[in-house]
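This report refers to the structure that appears directly beneath it.
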Amino acid sequence: MSINASWKRRTMLALACGVAITATPLAAQVPPAPPVPGKIKPSKFTTGAAKKNTPVVSTKTKEKVHQLVDRIYESEVELSVQQRHSKILKMKMDVFRVAIADPTKIEVVAFGAQEVEVIGKETGTTTMTLWLGQEANPQILSVQVKVEGDNSIEDLRRMEYGEFQKMINEFFPNSKIQLIPFADKLIVRGQARDEQEATQIITIIRARSGSSSLGGGNGTGSLFADGQAADPFPEGAVLPEATVIDMMKVPGEKQVMLKVRIAQIDRSAARSASTDLIVRSGDFGWSQLFSGVAQQLANGGTGLVTASLTSSDVDLFISALAQNGYAKILAEPNLVTISGRAANFISGGEFAVPTVVGVGGAQAATTTFKGFGTQLSFLPTVLDKDRIRLQVTPTFSTVNPALSVNGILGIDTQSVSTTVDMREGQVFAIAGLIQEQQRGDLNRVPFVGDLPLVGPLFSNKAVSRDETELIILISPELVHPMEAEDAPTVLPGMEVTEPGDLDFFFLNNIEGKPDVHHRSTVWYMQKKRIHQQQKDFIHQTKSDKYYINGDYGFSD
């Protein structure tokens, strides 16, 4: 049985039983229609793109087209149907074949032999082709079907979101919002009382309350995360999901300046005492060495007191050392950013850290850089007028060569991360550290080193103590940009000038006077010009002796 006969038998059986005919592409399952009388010109085959750049067609090609193609059917009528709605076409002839260009746009159902229902599925445009009459001599009708949006759904969305808008405005009387559904989006416009109410409103509108985030979960610094609009009436009609577009405004100053003060002081003290003794008598020798002198000198000790009693048979070394030192660090970084945006600050340096990746012969070395110094990262959110929520992470680190591993430096780090709510101008300490370390070492000769008076001569002892105090103070302020006339005119370093030759060579100054600007780069040429001006002045003075300057000009 041929494909044409099989298709004809199934189609007629379905029409006779009232079963829906599923539209199928013409090229895949529908055999070509039998030719009908009539000829067309070859120009009918040129498309819009081809008309712009029409190729030269040979006579042989034209003859081949006339022999193979009899007619091209284009859309003869346009049919409009709404999404989720249908229209029934009652034909005057029997329909035995249907083809749809895009089955995702429409669906065709046949009722009997002359009734066809067109159902809109998705918005868009497609082509439906119908074969009517007798299969031996069919009539072909091409229909362009346009699926439009369902106006009832849009009206329902506007009504439901309108009621939802009234509920939110009643729940938040100090804010005024407007919900505008548009296509697959929900635009939220209006003004919120503060950032806190704006966050609550967006949380209610979104389908998932956990989608709201002060920090912006996507890393963009936005106050709100992305989410879908919630169905305001879940028990009623099911509305299509819509992406929320936040266009709300929050009045007030939104620029926050964070004042940070980091203060640290380290104190250290160390004391040590040791005695080295060497006795030689002929073939007999005895020595007591704690290497106290060498150790103190190697450590760069200052204030070293050494007593040496040397003879041909006895060498005695007594050493004592006391050390005191301190280190003071004070940093005051200031950062300015808008509400809901993160700001970062670093003042220090970086050192290279080589990293070897791979195994065996496939190893490769890469280099990364590790930063140290004063680092600050904070995220402010203005909640209510002058109430600010701060997520702040200050870090202070210094290079410590004692922690080096394979030539890579180590660092000492003090860091803290916290989130607090506070008013503008308030100050709080987010980190306070008081650390004390004490150590004592005693090396002695057994028995003799334990004697009360003689023991110090046969022992080596050292005591060290380290104290560290660290505090970090945070204070936020709402600020706005300065006007041009309010900007400072004198900046740090503008009053520092270069000293002249007299100040530098004779007065031993490395900075000049604030109101005297000396430039050593051009001073040599300037000095020559001054010398030439002096010579010209002397020459003019001498020439005045030979001429008399009167009311009527120069005269002999």
task = Given side-chain contact (heavy atoms from CB on, under 4.5 Å), test Val145 with Val81 step by step and report yes or no.
result = CA-CA 7 Å; Val145 182; Val81 60; 3.9 Å; yes
Surrounding [atom1] of [X] (heavy atoms of other residues, nucleotides or ligands, distance under 6.0 Å), is the total greater than 12?
X      : atom1 : result
Glu495 : CD    : no
Asp486 : CG    : yes
Arg423 : CZ    : yes
Phe182 : CZ    : no

Within the 4.5 Å heavy-atom criterion, are [X] and [Y] side-chain neighbours or not?
X      : Y      : value
Val256 : Glu477 : no
Tyr161 : Leu186 : yes
Val143 : Ser75  : no
Lys121 : Pro103 : no
Leu330 : Ile265 : no
Ile187 : Met247 : yes
Arg387 : Val382 : no
Phe378 : Thr419 : no

Donor-acceptor pair, distance only, cut-off 3.5 Å: does the side chain of [X] make one with the backbone of [Y]?
X      : Y      : value
Glu424 : Leu478 : yes
Thr497 : Lys513 : yes
Lys185 : Ile245 : no
Ser397 : Gly373 : yes

Practice prompt. Might you work through the side-chain hydrogen bond (donor to acceptor under 3.5 Å, both in side chains) test for Ser475 and Gln426, ending with a clear yes or no?
Written response: CA-CA 6 Å; Ser475 177; Gln426 291 182 337; over 6 Å; no
key: Full working for side-chain contact (heavy atoms from CB on, under 4.5 Å) between Met128 and Val98   = CA-CA 7 Å; Met128 177 182 66; Val98 179; 4.2 Å; yes
Please report the closest heavy-atom contact between [X] and [Y], naming both atoms and the distance.
X      : Y      : answer
Ile408 : Pro354 : CD1-CD, 3.9 Å
Ile338 : Pro380 : O-CG, 4.0 Å
Ile346 : Gln375 : CG1-CG, 3.6 Å
Val147 : Gln82  : CG1-C, 4.4 Å
Ala352 : Thr367 : CB-CG2, 3.7 Å
Gln83  : His85  : O-ND1, 2.9 Å

With [X] via side-chain hydrogen bond (donor to acceptor under 3.5 Å, both in side chains) - residues at least two apart:
X      : answer
Thr418 : none
Arg529 : Gln526
Glu117 : Ser86
Glu469 : none

task = Evaluate side-chain contact (heavy atoms from CB on, under 4.5 Å) for Thr126 paired with Ile106, printing each intermediate quantity in order.
result = CA-CA 8 Å; Thr126 186; Ile106 60 174; 3.9 Å; yes
Using side chain to side chain contact (heavy atoms under 4.5 Å, CB included) as the criterion, list what pairs up with [X], not counting sequence neighbours.
X      : result
Lys370 : Phe351, Val353, Ile411
Glu485 : Glu483
Pro488 : Met482, Leu491
Ala402 : Asn400

First locate atom [atom1] of [X], then atom [atom2] of [Y], and finally report the distance between them rounded to the nearest 0.5 Å.
X      : Y      : atom1 : atom2 : result
Asn509 : Glu498 : CG    : CD    : 12.5 Å
Ile204 : Phe171 : CD1   : CZ    : 5.5 Å
Asp266 : Thr468 : CG    : OG1   : 4.0 Å
Leu179 : Phe164 : CG    : CZ    : 7.0 Å
Gln323 : Ser272 : CD    : OG    : 7.0 Å
Glu74  : Glu76  : CD    : CD    : 9.0 Å

Can you list the residues that meet the salt bridge (charged side-chain N to carboxylate O under 4.0 Å, His left out) rule with Arg158, with sequence neighbours excluded?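 For Arg158, the residues satisfying salt bridge (charged side-chain N to carboxylate O under 4.0 Å, His left out) (neighbours in sequence not counted) are Asp155.
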Q) Does any pair with a residue in residues 164-180 pass side chain to side chain donor-acceptor pair (under 3.5 Å), and if so which ones, sequence neighbours excluded? A)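 Sorted pair list: Ser175-Glu197.
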Residue pairs, two or more places apart or on separate chains, that pass side chain to side chain donor-acceptor pair (under 3.5 Å) and touch residues 100-109 =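 Residue pairs passing side chain to side chain donor-acceptor pair (under 3.5 Å), neighbours aside: Asp102-Thr104.
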**Request:** Give a yes or no on whether a salt bridge exists between Asp466 and Arg267, defined as a side-chain N under 4.0 angstrom from a carboxylate O.
**Result:**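 Salt bridge flag = no for Arg267 with Asp466.
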- Query: Does Glu332 pair with Lys259 as a salt bridge, N-O distance under 4.0 Å?
  - Reply: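 Salt bridge flag = no for Lys259 with Glu332.
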- Item | Residue pairs involving residues 487-522 (criterion ring pair (Phe, Tyr, Trp, His ring centres under 6.0 Å); sequence neighbours excluded) |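 Sorted result for residues 487-522: His518-Trp523.
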Test log, rule side-chain contact (heavy atoms from CB on, under 4.5 Å), inputs Val118 and Val109:
CA-CA 7 Å; Val118 181; Val109 180; over 6 Å; no
